[in-house]
Amino acid sequence: MAYDVIVIGSGPGGYVCALKAAQLGLKTAVVEKRATLGGTCLNIGCIPSKALLHASEQFAHVAHGLSGLGIEVQPPTLNLPAMLAHKDAVVKSNVDGVAYLFKKNKIDIFTGTGKVLGEGRVSVTDDKGAEQVVEAKSIVVATGSDVAGIPGVPVEIDEKVIVSSTGGIALEKVPGTLIVVGGGVIGLELGSVWSRLGANVTVVEYLDAILGGMDGEVSKQFQRILGKQGFDFRLGAKVTAVEKTESGAKVTYEPVKGGDAVTIEADTVLIATGRRPYTDGAGLKEAGVALDARGRVEIDGHFRTSIPGVYAIGDVVRGPMLAHKAEDEGVALAEILAGQAGHVNYDVIPGVVYTQPEVASVGKTEEELKAAGVAYKVGKFPFSANGRARAMLATDGFVKILADRDTDRVLGGHIVGFGAGEMIHEIAVLMEFGGASEDLGRTCHAHPTMSEAVKEAALATFFKPIHM
Ligand code: NAI
């Protein structure tokens, strides 16, 4: 065999798996059809969107956030091409970084579409149609996900007027009006980018809440905050048509509870109604790799598919479509392939929405605990009672901790607030070690920090917060 491991796809799941496998002494290759490494996340997803989120946040902060601190400035002017160039430069440095790490770890790259031919064999077809077969003991399918579109509604995404997240990070001018179909993570993050830069944003969402699946209180308070920022929400609204018009596009939705259809128009429409597992052209069905009803590759607890020696990780398998979940699966699988005991703790996978304020969550929501019949207790603390948050004029949001009523073991943590995406990790580490809210509440936290609100929420969970 030429290789111990060949990984198809170089997104966070695939490239991390390859690096870990090489670090553990396995001869490793990666197949990638894109000209650059890093997959959706680095090229057109997490990384470029965060570059735009940061830049647009700075723009909005300079425009509206400084006078309260006693700083008077002229309204900033936007140089969108330069902002987009910043995003492109960030992408380039990240994808180049992966290429450097591959070189350092002696990982071979095959550029082209990888197809599983069966046990131990993968074909790679380049963009000129030339095909070669590569042999490896283990094959890892890490082909990720793609834009799903609106279920049952044909939409022509031209990535200019009607865009997916791909076009949504590359608009050539700020739309006057933007309709976002889908009030999930992508819709709210990219909606925030363009809202901060001046667009009037309307979000049309099927469910009665934004960020479906998040803790209900978090979702409600976050919706209020975004409402104050100018978002117009149409909830319980099922989009049934999206069409181009002479000046832009129109979206038709029907109230889920019944009633007349409504049509609204905008310069640009962003479709953010989810992603689907991507297996196109990977030869999985032909090779006999079983997929489930939702098109995901079926795997067991050790990432094994129905074909011996073929494994799958990341967005293409069950579980949340998150880069860090894919990365952890990549590491665990590489360890398994190297004869070690790889493991992912699916109970402790944080999720972050990189808006301002951020929304971060780990473990169970209150609704999940209720549904599972778990006896729990709740502790909450608002940032409005935190000194550092007041000093920074960042008092929006709160921390909520859920713990087992009898054992005090922390089962979930939820934060809406400035820096929530960083703060969530102390709850994650606590949960990883099976910690209790009292452990967190008795851990000395530096003063004054936003993180003290996490400690206070923990104090509130097992007894009482000090500053409330
Ligand atoms: P999503 O699944 O988070 O949200 C899609 C929303 O569209 C849902 O709330 C759904 O109810 C709504 N919807 C579906 N059909 C509709 C219709 N006909 N009319 C109105 N609303 C409708 O999907 P999203 O935001 O596209 O993200 C895709 C994936 O990417 C998710 O798994 C997400 O976790 C991941 N992602 C994660 C990020 C992060 O962790 N910060 C950032 C971006 C994406």
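Start at 1 and go down the list; that is how both ligands and their atoms are numbered.
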Of [options], which has the heavy atom at the shortest distance from [atom]?
{"atom": "atom 43 (C) of ligand 1", "options": "Thr355, Val147, Leu270, Ile186", "answer": "Ile186"}
{"atom": "atom 26 (O) of ligand 1", "options": "Gly212, Gly274, Pro350, Gly421", "answer": "Gly274"}
{"atom": "atom 29 (C) of ligand 1", "options": "His324, Lys325, Arg275", "answer": "Arg275"}
{"atom": "atom 1 (P) of ligand 1", "options": "Gly182, Gly184, Ser165, Ser164", "answer": "Gly184"}

*Ile271 pairs by side chain to side chain contact (heavy atoms under 4.5 Å, CB included) with which of Val155, Val153, Ile179?*
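Among Val155, Val153, Ile179, the one meeting side chain to side chain contact (heavy atoms under 4.5 Å, CB included) with Ile271 is Val155.
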
*Which of the atoms in ligand 1, numbered in the order shown and given with their element, are less than 4.0 Å from a heavy-atom of Val204?*
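This gives 20 (C), 21 (N) as the contact atoms.
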
Within-cut-off N or O pair, [X] and ligand 1, under 3.5 Å:
{"X": "Lys50", "result": "no"}
{"X": "Val181", "result": "no"}
{"X": "Val239", "result": "yes"}

*Are Ser306 and Glu298 close enough that a side-chain donor and a side-chain acceptor fall under 3.5 Å?*
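No.
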
Part of [X] within contact of ligand 1 (heavy atoms, under 4.0 Å):
{"X": "Leu211", "answer": "neither"}
{"X": "Ala237", "answer": "backbone"}
{"X": "Tyr354", "answer": "side chain"}
{"X": "Thr273", "answer": "both"}

*Taking all heavy atoms of Leu440 and all of Lys455, pick out the closest pair and write down the distance.*
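Reported closest heavy-atom pair: O-CG, 4.1 Å.
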
